[in-house]
Amino acid sequence: MTQSQTSTPESHDPEGRETYDVHAVQEKWLPVWDDLAPFRSGRPDDERPKKYVLDMFPYPSGDLHMGHAEAYAMGDVIARYWAQQGFNVLHPIGWDSFGLPAENAAIKHGLDPAGWTDANIAQQKASMRRYACSFDWDRVLQTSDPAYYRWNQWLFVKMFEQGLAYRKDSAVNWCPNDQTVLANEQVVGGRCERCDTVVTKKKLTQWYLRITDYADRLLEDMTQLEGQWPEKVLLMQRNWVGRSTGAEVRFEVEGRDEPVTVYTTRPDTLFGATFFVVAADSELAATLAAGTSAEGDFAAYLEGIKQVSDIDRLASDRPKTGVFLQRYAVNPVNGARIPIYAADYVLADYGTGAIMAVPAHDQRDWEFATTFGLPIVTVVQPPAGWSGEAYSGDGVAVNSEFIDGLRKTEAIERTVAWLEEKGLGAGAVNYRLRDWLISRQRYWGTPIPIIHCPSCGEVPVPVDQLPVTLPSTVGLDLTPKGTSPLGGAEDWVNVACPTCGEPARRDTDTMDTFVDSSWYFLRYLDPDKTDGPFDPAAAREWMPIDQYVGGVTHAILHLLYARFFTKVLHDMGMVDFTEPFTRLLNQGMVVMGGSAMSKSRGNLVRLTDELEGNGVDAVRLTMVFAGPPEDDIDWADVSPSGAKKFLARAWRLSGDVTSAPGVDVTTGDLALRRATARAVDDAGKAVESYRFNVAVAKTMELVNAARKAIDSGPGGADPAVREAAEAVAILLSLVAPYTSEEMWERLGHEPTVALVGWPTVDPALLVEDSVTCVVQVAGKVCDRLEVSPLISEDELRALALASAAVVKALDGAGIRTVVVRAPRLVNIVPA
RNA sequence: GCGGGAGUGGUGGAACUGGUAGACACGCAGGACUUAGGAUCCUGUGCUUUCGAGCGUGCGGGUUCGAGUCCCGCCUCCCGCACCA
């Protein structure tokens, strides 16, 4: 039986040979798979062990593109591999469907963002089905659905009740183009991560989530992820949290009752503090300047630095500027009177916004001191021959009274103890991490479920009244103008206070869409649940996620927020784990000709064109075979047509098998059987360690071996050929589902191949019957011997020394040593 | 500046705990079958070569019987952070 029993998609070339019609095969199998739904997961009677594989969900900004195709190909290899290994694999998909592009498109074309979004989702969904992703189509979700964002609001209210959501007035990052605030994480190099506009500052009252309360746990729990996440991502997260230890020190300020506290990582250099700097844009600076003769200078300076863009501020070689405030602080360790400056090199929102300046041991302070002619006092002995400017390394304390002679660590400890004893300061920890600003002044997002009441203040919407749905866009002006468009929906905004019943107003901002994606993975477990955000019992069964797949662009933002939410949910008793993603794979990007694809650059490769030209399987195979999954793929360097040729070659094997299904393979050609066993074993190991490209190479080797066996070996009737072809079909099921399914049918089996199980390998076949032993003389290969893998050292040594090539290479020279590593290598070292 | 990663044929990339460098492909060349071939199949393909061999994993050292792999010092490229006291 070599012909398919159903419709036969293969056509023939002019000479009557079969050719592989990829498009016909695609059309043939899609409805069959819809019907069989092999990847529907979580049936109650399913006894298989569970695995949860998750791809980062897409933003529905149009149809799928090359980047999606790569990411989903990688995730699918893993999901399908585990399915073949007998796991009950949960592999869901959904849409991160709130956000600016929908709103901007709606403004541009006068549409409703919801309609635009839903149309794109429908298109992407159809493309994903065709792309043959092993998604469980019974578990889809989209975050712009009130049934979803209702639970964003619920979680917000819970966090508000626990003090984890709060409102404060602060200078925030503002994108003048998008007319909305941005979280710190969304400012990349001083620019808006969305639209690349230079970000400015604006004073606003906004909602924050207290992620800083979790700073230590976000760091500590990374030990669970060590070795499971890319080291690079862990490092980026560590740096982002930016924990540092040191001390807070109180300085008295002349003519002021209240002392000013500074944070320093180097309390051991306190004796070297020769001046004092406060952030020019801080409240403190304004307070200190008020009423002094420096007030005018300060105001002028402040005005000047406001003109400096964030981009210029970032230039580290910028000269130090500042203004003397005509005031003095007192160094608590030695009573020295030190001048107070306001400068923009000190940040208002880190530490206390004020520093003690130690020019001898801090480069920035050194530059400032040099510019302003301030004294530089060495208090840590630099190493002999030190010729730099500020010395910030370890050394012995000098000119520092009670810590003289101590090295850094001890000197810090002693100083902190001294400060604590005198009530002048204490050991302290600081973080670069700031609280997460989640308010956005845009329409297409989750409304913040708070009602502002003139008498009751901030009142959360009672949870039984959730969701607070978005008002209709009809009659609403969505154009960005600095305040939320929701404010224009009078009927929606004006409500009765839930507490006192008096007239009150809804909060008109919407949430950052990263809130949506901070817990969506839990929603998949029961996407239609109406009495809670997710099912805790299901979470116990499925979570944490065994494999998360997505781009490294989310190394900080999304992953940090999701980790934070997980910890909050853990503390609320809703989940029993503290880290959501056990293993993380960051696939690379698809670029073209060395640079990111873009319409303006004219190097855009359209996924639909590639799929049309070479078929789904060839595109998927190209993605997977191009190299390690985390590397970028340059589409100019790879060959989808080569992939297509390989698939046709594999497919042809299935037509050349003439033995019947179920034939006793143990009687088959031993060499081919060994090759099959080896390929299956190697490919499995490769997939487990993310070397998908190697797994494909092993499959190609097997195809080549089978081809050879058919054409110039035992022939297509040999049972080993069937065994090999079936193994190829199964190995290909991870990467090329259509070809795999078609091969499986042509080999006389029922669909679907997707769950038939990874081929079993007889371990005896993995033991080679002979191995090539390399014989080296002085480290250079001079002969190769075919020997038994079980050969003894002595036997092998004798064999090697008897080799004619060895005798010739030695050329009569004596032998110093012979290194024998049976059975693979002998190295003979001449005297 | 600080931190991290990476440099292997014409190209993408293989190489388990140090043990045959270049698997598997792309490209290229040649051949078979052909009216034709961008189809298919086969062969070859690191560089140099006085055809003996020599040289080869960014560069220079080192450890070792043996180094792409380990150690030290450089060079280049990529990524992240960027005045975080």
Side-chain angles (χ1 to χ4, degrees), chain A residues 13-15 17 19 188-190 230-240 242-244 246 262-266 269 273 277 279 313-318 320 343-347 349-358 361-365 367-368 392 430-434 552 555-556 621-622 625-628 630-634 636-643 645-646 648-649 652 682 685-686 689 691 693-701 703-704 707-708 711-712 771-781 783-784 816-821 824-830:
Chain A
D13 69 7
E15 284 151 55
R17 274 187 303 241
T19 57
V188 180
E231 195 50 45
K232 174 185 172 176
V233 174
L234 293 176
L235 196 83
M236 283 167 70
Q237 294 228 346
R238 256 183 219 110
N239 291 341
W240 191 262
R243 182 189 149 102
S244 77
V262 302
Y263 171 73
T264 177
T265 55
R266 294 295 301 275
T269 63
V277 188
R313 275 187 76 129
L314 287 173
S316 50
D317 53 352
R318 224 170 117 249
K320 293 285 178 287
D344 69 349
Y345 84 92
V346 171
L347 306 176
D349 59 353
Y350 180 79
T352 62
I355 62 155
M356 61 177 214
V358 184
H361 305 294
D362 181 282
Q363 185 61 25
R364 296 153 301 184
D365 296 344
E367 287 163 17
F368 193 88
S392 57
N430 242 298
Y431 303 91
R432 296 183 39 187
L433 185 69
R434 308 295 146 81
V552 74
I556 296 175
L621 181 69
T622 303
F625 185 56
E630 54 276 359
D631 288 4
D632 287 351
I633 298 171
D634 193 331
D637 290 335
V638 295
S639 175
S641 61
K645 269 162 60 175
F646 163 72
R649 188 171 147 86
R652 235 173 278 122
D682 286 350
K685 284 178 180 152
S689 55
R691 285 144 54 237
N693 54 327
V694 178
V696 171
K698 298 298 175 187
T699 310
M700 289 172 166
E701 287 187 59
V703 168
N704 292 343
R707 181 79 262 153
K708 202 158 248 167
D711 291 347
S712 52
V771 299
T772 306
C773 174
V774 174
V775 183
Q776 302 175 328
V777 171
K780 281 181 184 140
V781 180
D783 198 9
R784 291 181 171 82
R816 195 163 85 213
T817 44
V818 179
V819 179
V820 183
R821 291 286 176 273
R824 295 246 174 231
L825 180 126
V826 177
N827 188 13
I828 299 159
V829 186

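Proteins come first, then strands; the chains are lettered A, B, ... in the order of their sequence lines, and each starts at number 1.
Here Gln237(A) pairs with Arg563(A) under the side-chain hydrogen bond (donor to acceptor under 3.5 Å, both in side chains) rule; sequence neighbours left out. With sequence neighbours left out, Asp637(A) forms a salt bridge (charged side-chain N to carboxylate O under 4.0 Å, His left out) with no residue at all. Judged as a side-chain contact (heavy atoms from CB on, under 4.5 Å), and not counting sequence neighbours, the contacts of Gln363(A) are Trp366(A), Glu367(A), Glu389(A), Ala390(A).
When each of G4(B), A85(B), A14(B) is scored by its nearest atom to the side-chain atoms of Asp362(A), the top-ranked nucleotide is A85(B). Closest contact between the side chain of Asp637(A) and the listed nucleotides C81(B), G12(B), A85(B) involves G12(B). Ranking U40(B), A82(B), G13(B) by closeness to the Asp631(A) side chain, first place goes to G13(B). Here C24(B) is the nucleotide among C24(B), A85(B), G4(B) with the atom lying nearest to any side-chain atom of Asn704(A). Among the nucleotides C83(B), C65(B), U11(B), the one closest to the side chain of Lys320(A) is C83(B). Distance from the side chain of Lys232(A) is smallest to C79(B) among C79(B), A25(B), C83(B). Each of A85(B), A82(B), C42(B) was ranked by its minimum atom distance to the side chain of Tyr350(A); first place goes to A85(B).
Taking atom CG on Leu347(A) and atom C1' on C83(B), their separation rounds to 7 Å, with Å as the unit. C83(B) atom P lies 8 Å from atom CZ of Arg432(A), rounded to whole Å. As rounded to whole Å, 15 Å separates atom P of G66(B) from atom CD1 of Ile828(A). Atom CG in Asp632(A) sits about 18 Å away from atom P in G5(B), given to the nearest Å. One atom, CD of Glu231(A), and another, P of G4(B), lie 10 Å apart when rounded to the nearest Å. Between Asp634(A) atom CG and U11(B) atom P the separation is 13 Å, expressed in whole Å.
Taking atom P on both nucleotides, U76(B) is separated from G58(B) by 16 Å, rounded to a whole Å. Annotation: U57(B) and C47(B) have their P atoms spaced 15 Å apart (nearest Å). Rounded to the nearest Å, the gap between the C1' atom of G56(B) and that of G5(B) is 25 Å. If you take atom C1' in G52(B) and the same atom in C42(B), they sit 32 Å apart, rounded to whole Å. C71(B) sits 14 Å from U17(B) when the P atoms are compared, rounded to a whole Å. Taking atom P on both nucleotides, C16(B) is separated from A23(B) by 15 Å, rounded to a whole Å. On the P atoms, A67(B) is 12 Å away from U20(B), given to the nearest whole Å. Here the separation of G54(B) from G18(B), taken at their C1' atoms, is 25 Å to the nearest Å.
Checking the phosphate oxygens (OP1, OP2) of G3(B), no side-chain nitrogen or oxygen of Arg238(A) falls inside 4.0 Å. The side chain of Tyr345(A) places no N or O atom within less than 4.0 Å of a non-bridging phosphate oxygen (OP1 or OP2) of A85(B). OP1 or OP2 of A15(B) sits under 4.0 Å from a side-chain N or O of Arg691(A). Between A85(B) and Ser244(A), a contact under 4.0 Å exists linking OP1 or OP2 to a side-chain N or O.
Counting heavy atoms from C-beta on, the side chains of Asp362(A) and Ser392(A) never come closer than 4.5 Å. Proximity of Met356(A) to Asp365(A): side-chain heavy atoms (C-beta onward) are nowhere separated by under 4.5 Å.
Taking the ring axis of Tyr345(A) as reference, the NZ or CZ atom of Lys320(A) stays within 45° of it and closer than 6.0 Å to the ring centre.
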Report summary line: Intra- and inter-strand pairing of RNA chain B, written as dot-bracket with Watson-Crick and G-U pairs under 3.5 Å and | for the latter, reads (((((((..(((......[....)))((((((.......))))))(((....)))..(((((..]....))))))))))))....
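Taking syn as a glycosidic angle within 90° of 0, G9(B) qualifies as syn.
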Query raised in the report: Can you give one letter per nucleotide of nucleotides 45-56 of chain B, going 5' to 3': B for a protein heavy atom under 4.0 Å from the base, S for sugar-phosphate only, - for none?
Result: ------------
Requested in this report: For each nucleotide in nucleotides 18-23 of chain B, reading 5' to 3', give B when a protein heavy atom comes within less than 4.0 Å of its base, S when such contact involves only the sugar-phosphate, and - otherwise.
Outcome: -BB--B
